[in-house]
Amino acid sequence: MAGCFCITTRSNRMSGYEFTAIEKKWQRYWQENSTFHQPNPGDPYFKPDRPHLYVLDMFPYPSGAGLHVGHPEGYTATDIVCRYARMKGCNVLHPMGYDSFGLPAEQYAVEHGVHPRKTTEENIANIERQIKMFGFSYDWSRRIATTDVEYYRWTQWIFLQMYNSWYDEADDRARPISELVHLLESGEYVVDLLDRAVPSGTLGIDAITGEPVGSRMWHELDVDQQREVIDACRLAYMDEVPVNWCPALGTVLANEEVTNDGRSERGNHPVYRRALKQWMLRITAYAERLLADIEIVDWPEPIKIMQRNWIGRSDGAEVTFPLANNSGESLDVFTTRPDTLFGSTYMVLAPEHPLVETLTTNEQRADVEAYVAQARHRSELERTAETKDKTGVFTGAYAINPVNDEQIPIWVADYVMMGYGTGAIMAVPAHDERDFDFAQTFNLPIRPIIKRRDEAAPRYVGALSGEAFAKVYSVWQQDPASYPKIRGLYFGGFWDAADDGTSLFQPEDVSTQWIAEHPDVPKGFIVVGKDGMAALLGAAGFKAESEPFALCVADLNEELELVDSGPINGLSPDDGKETITTWLEDEDLGRASVNYKLRDWLFSRQRYWGEPFPILHDVATGAIHPLSEDDLPVRLPEMDDFSPEASDEADRPPRPPLSRAAQWRLVAGVVMDDGTARIEEDFPVQELFADGVDVEQAMQNVLDAGMEPVDDPETLLAPRTVTVDGRERQLRLFTRELNTMPQWAGSCWYYLRYLDPENHDRFVSPEAEQYWMGVDNDKAGGVDLYVGGAEHAVLHLLYSRFWHKVLFDLGYLSKPEPFHKLFNQGMILSFAYKDSRGITIGPADLEMTDEGGETVAYHKTTGEQLQKVVAKMSKSLKNVVKPDDVIGRYGADTFRLYEMFMGPLEAAKPWNTNDVPGIFRFLQRVWRMILGDTDNGIEPLLGETASDDVEKALHKLIQKVGEHLEAMKFNTAIAAMMEFVNGVFKAGTISRSQAERFVLLLAPLAPHIAEELWQQLGHADTLAYEPWPEYDEAMIVEESVELPVQVNGKVRGRVTVAADAAEDNIVATAKNEPNVADSIKGKTIVKTIVVPGRLVNLVVH
RNA sequence: GCCGGAGUGGCGGAAUUGGCAGACGCGCGGGAUUCAAAAUCCCGUUAUGGCAACAUAGUGUGGGUUCGAGUCCCACCUCCGGCACCA
């Protein structure tokens, strides 16, 4: 490599700044002296009187590829903040760990036939070696990995807390499920017809039929029914839900793990919709609080917006539409626009809607069933591929619009989804684009009920064939004034508003030529009123041939009013919405309602490398029992074959890898009074089978049944008892839960475990949690600074907030939010070079030349000139930069400084290895400034004399570096230090005291060289806890300032005046400046602006 | 389509939030040192014109507000990120 030559030569000769030796030396020193160990309250050496700071990095996923240069960017930033905070006298908690469960490691392990534990350990070792090269000041004694048994036992414990909790809407918090049982037993809560537990005072409303329903008391239910009610309330529950099933990976995936085109994020395999019984977490119960508490955290606004959008609150109404068949049944719809009820001309049900089957008429049944079946089997890919075209079928049934008693047809279409609202909509094609498209496709009536206040009637679009359109358009263009006003043009969904009705904004775009060239684009005129089109055509000498249709999707505002809408005529849409909602409530036809896009979290995966659930399934009854906390952890069984059962078939039943762990799966145990299960380790499972049963065969039957109960348990199993807790209990045969938790589980709470990683009795002690996370006088609480990439904007950050709030509700945590301040570092990009075919050329084939100061890349062999692009680092683009190489050549301090110098931390910016030597030179210069370079005969600038200029510059620097570090503007802090060093070289001298203070300023950014210089300057101890230098305000103010003098806003000269000079004096001096005097000669000064300390501006005529 | 973010020299980026556009670094040019080279130190480096002083233009494009706009307002273009039939 060409670049190597000069570097090698340089480092051979340059023995002054020996970065490799220095960095090794200090990394060892910090480790041996536990320099960065931070004790907890109550620990020896803990200093209670100091302020505290918890600075957290998003922990890495230990992939086989190791770190890329993007990881250390955020880590370096937090390290600087931490080192600075220590020097400012803070107790700093700065831990690091590994998010080591999950698909990538497992997939790698499967592909290479190695156990994931082994690859994970190797990857962690490698990544930790890399992290340690940078000299970060982590407290390594707090290291955790989510795959550690001692860690995941508490992940399982938290799951149990969720399983054993329910969300009390009345109290707006999660409570132990035992309290719900009490409420039900006491009659304070009753069970409605949908098996939901509700306070006895409120009346449940049936979501589908809309009828008020009766309720049952707890004691009216049998034991199984009671269990079902309770299970349906839990925060962690099992449900049969439509899931993303990826047969190639053999697992279900969360929505977030599926790409836009319906493939798996990992591996790009096809994903299918399929109903499967899965573990779910009831995050939707927290939708409102997750939304509200965004307001109390200090996060970047774009991330807050993304979370708000993800939660997706919309306010509207639920409206009940009775069916027209006199059956007494009805349909509930959710709408955000109840003001448009009078414009509803049809209804649409999602294909999965339970009423589709019952209300479809016999004539339509075949069509509907075929459509529903087809919709069900369509994969995500197919669904998104044809987003534009609306499909659907008529059910044959009608509903009655409650506001005007009109009969409207009910359709089934897959543009309505079961998962949102009620799975049914009232369609208002005149004012909703999707409904409009659908109505157009199936020729359904379109009835506009909103118009602009300044127009006589609603707007319509008259659609014409291309030819007819062109004729009318050209006639109209010749004399617009004598025709009815055209409000705009319609080109297949593209609206072009007219400004005054006589001319269009961009008439050149709609030339007759354009019209001729685009025969397939539908075209129309936007006119006012139903007759507007006829009038226009008539005036142009044509006969009206097409039916007018309407679409008005203007924003709600006072410029609009409702028409043909009975009692709300003349109201604005906003007022109409309010009025009609009240009316609906009074008439018992509907009610105000809020909906969220957020769905419950699909929490199980059919994979090996994840946390096992602490759940047992009773083989005889199928009942689910949570494990007793005393039986945690549930360890992953050792398996030789841990691969998932991948398949090409979309409908194959999932068989999790854990189902093959026969020894591990079947356990004997008892059920305690509170419903938890305890395992009887010593009791052989075989003895639970009845006498005379072929045990081996019977066990196989149980195993084959998966987590379902076996047939005929009475003959298969023997009644055996054992005494536990002083009572004789029946021994049960259990099979363990075979699913595992998704990768996000471990990362949901790792920031809590760092606080108290060795605790064997609790996931975190209250003392540690309150000290580090319970920020005083702050509602939110949480980690003081959390730095990571924006790719976790919704998933990890939303899931963590959810878990945190659950644990907060249950009394385990002191504040409601996990991360108080969040900072997203920008992505580090890289240059790549492409040839004319768009193929990336790797660095080995590049030839860079300089052409008039401009660097141009050519292909080494073909000589073709290449195009430079900036892109994400990826193997396929051959533009990946590895930190190891850079550190090997220039050292960790240079690497750290370079990444911080590239630009603002939050900005995406391209890596450019050619810029690194500039930073390296700076550090060499610092070294030579203080110690010289004896090998090259360079004397240090360190001396006895303390230059006043240097002293002044140093005070300014202390102020500036402090401010910029606190604002995390590291690039400008470094630039300021470079300027200072340049200044010292000009002055030719720096005193020992000045050098020492400078070294302390440099220390957070380039800690190794700073420690070495500090030691060479005669200090025995680390500088990590040296007080940050102070600056003197008096040293910073200048006695005189140079002001630019502007004439009419243009700089014509500069004058130097005393800093406290009077305005009159400044102006007088300014006018005397020769060039300025020249510019104002013979002109009158009409205005004089003096900005103190900034500039003078003379306005002249 | 919707929601974010960003466009400044050959390059990465500064600009105290309305006050000297281009700090600092890279690259490039020149000089000192050296037998020579590397390294180092110093000077210059937005463009155009001029020996120079200086003049003119200039922060994606077009308009506006202002004594003064990279920064504020309106319209548009390009790139990056996220979401996407959410009723």
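Chain letters run A, B, ... following the sequence lines, proteins first and then strands; every chain starts at 1.
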Side-chain N or O of Arg925(A) less than 4.0 angstrom from OP1 or OP2 on rC41(B)?
yes
Taking rG19(B), rA87(B), rC24(B) as options, the one with an atom nearest any side-chain atom of Met978(A) is rC24(B)
Among the nucleotides rC85(B), rA87(B), rG12(B), whichever has the atom closest to the side chain of Asp414(A) is rC85(B)
In whole angstroms, the gap separating P of rA87(B) from CD1 of Ile425(A) amounts to 11 Å
CD (Glu963(A)) and OG1 (Thr972(A)) are apart, to the nearest 0.5 Å, by 10.0 Å
The nucleotide from rG13(B), rG81(B), rC3(B) with an atom nearest the side chain of Asn971(A) is rG13(B)
### Task
Report yes if at least one side-chain N or O of Lys969(A) is closer than 4.0 Å to OP1 or OP2 of rA15(B); otherwise report no.
yes
Test log, rule salt bridge (Lys or Arg N to Asp or Glu O under 4.0 Å), inputs Glu979(A) and Lys956(A):
CA-CA 11 Å; Glu979(A) 272 181 283; Lys956(A) 281 187 191 165; over 6 Å; no
Notebook entry, point to check: Do you see a donor-acceptor pair shorter than 3.5 Å between the side chains of Thr894(A) and Tyr17(A)?
Noted result: no
Of the listed rC26(B), rG19(B), rA87(B), the closest approach to the Asp915(A) side chain comes from rC26(B)
Under 4.0 Å, counting only non-hydrogen atoms across every strand here, what does Phe985(A) touch: a base, just sugar-phosphate, or nothing? sugar-phosphate
Taken to the nearest whole Å, CD/Gln307(A) to C1'/rG4(B) is 14 Å
Among the nucleotides rC41(B), rA87(B), rG82(B), whichever has the atom closest to the side chain of Met306(A) is rG82(B)
Any strand, both distances under 3.5 Å, Watson-Crick or G-U wobble: rU40(B) pairs with rA32(B)
Item to complete: May I ask you to say what Lys597(A) touches in the nucleic acid, namely base, sugar-phosphate or nothing, with a heavy-atom cut-off under 4.0 Å?
Response: base
So Ser314(A), base contact, sugar-phosphate only, or nothing? Heavy-atom distance under 4.0 Å. sugar-phosphate
For rG4(B), the nucleotide meeting Watson-Crick or G-U wobble distances (both under 3.5 Å) is rC80(B)
Note: for Ala975(A) and Lys909(A) on RNA chain B, the residue whose nearest nucleotide lies more 5' is Lys909(A)
Q. Phosphate oxygens OP1/OP2 of rA55(B): is one of them under 4.0 Å from a side-chain N or O of Arg1052(A)?
A. yes
It should be established whether Arg921(A) places a side-chain nitrogen or oxygen under 4.0 Å from OP1 or OP2 of nucleotide rG27(B). yes
Notebook entry, point to check: Side-chain N or O of Asn912(A) less than 4.0 angstrom from OP1 or OP2 on rC26(B)?
Noted result: no
- Message: Classify Asn1097(A) by what it touches in the nucleic acid, base, sugar-phosphate, or nothing, heavy-atom distance under 4.0 Å.
- Response: base
Picking from rG19(B), rA23(B), rG25(B), the nucleotide nearest the side-chain atoms of Asn982(A) would be rG25(B)
Quick note, Thr335(A) side chain, CB onward, closest among rC11(B), rA87(B), rG25(B) is rA87(B)
Scan Asp435(A) against the nucleic acid and name what it touches under 4.0 Å (heavy atoms): base, sugar-phosphate only, or nothing.
nothing
From OH of Tyr898(A) across to C1' of rC26(B) the rounded distance in Å is 9 Å
In terms of heavy-atom contacts, Thr1069(A) and Val1055(A) come closest through O-CG1, 3.8 Å
Between Trp911(A) and Leu829(A), is any pair of side-chain heavy atoms under 4.5 Å apart? no
When both distances are under 3.5 Å in a Watson-Crick or G-U wobble arrangement, the nucleotide paired with rA15(B) is none
Below the 4.0 Å mark, does rG81(B) have OP1 or OP2 next to a side-chain nitrogen or oxygen of Asn824(A)? no
**OP:** Please check the phosphate of rA39(B) (OP1 and OP2 only) for any side-chain N or O of Arg928(A) closer than 4.0 Å.
**Re:** no
### Message
For a quick check of understanding: with a heavy-atom distance under 4.0 Å over all strands, which category does Gln1046(A) fall into, base, sugar-phosphate or nothing?
### Response
base
Practice prompt. Look at all strands and tell whether Ile305(A) reaches a base, only sugar-phosphate, or nothing, counting heavy atoms closer than 4.0 Å.
Written response: sugar-phosphate
Against the side chain of Tyr420(A), the closest entry in rG13(B), rG25(B), rA87(B) is rA87(B)
By the Watson-Crick or G-U definition, both distances under 3.5 Å, rA55(B) is matched with rU48(B)
No-hydrogen, no-angle side-chain donor-acceptor test under 3.5 Å, Thr284(A) and Asp600(A) = yes
Ranking rC11(B), rA55(B), rC42(B) by distance to the side chain of Asn1075(A), first place goes to rA55(B)
Any strand, both distances under 3.5 Å, Watson-Crick or G-U wobble: rU71(B) pairs with none
- prompt: Does the ring of Tyr415(A) carry Lys390(A) above it, NZ/CZ under 6.0 angstrom from centre and within 45° of its axis?
  reply: yes
When rounded to whole Å, the CH2 to C1' distance for the pair Trp911(A) and rG13(B) reads 16 Å
Testing rC42(B), rC85(B), rC83(B) for proximity to the side chain of Trp310(A), the answer is rC83(B)
### Task
Report yes if a donor N or O on one partner sits less than 3.5 Å from an acceptor N or O on the other, where the partners are the side chain of Lys390(A) and the base of rC85(B); otherwise report no.
yes
Check your understanding: Would you say rA23(B) has OP1 or OP2 under 4.0 Å from some side-chain N or O of Thr972(A)?
Key -> no
Per ring pair (Phe, Tyr, Trp, His ring centres under 6.0 Å), Phe19(A) is matched among Tyr890(A), Phe895(A), Phe920(A) by Phe920(A)
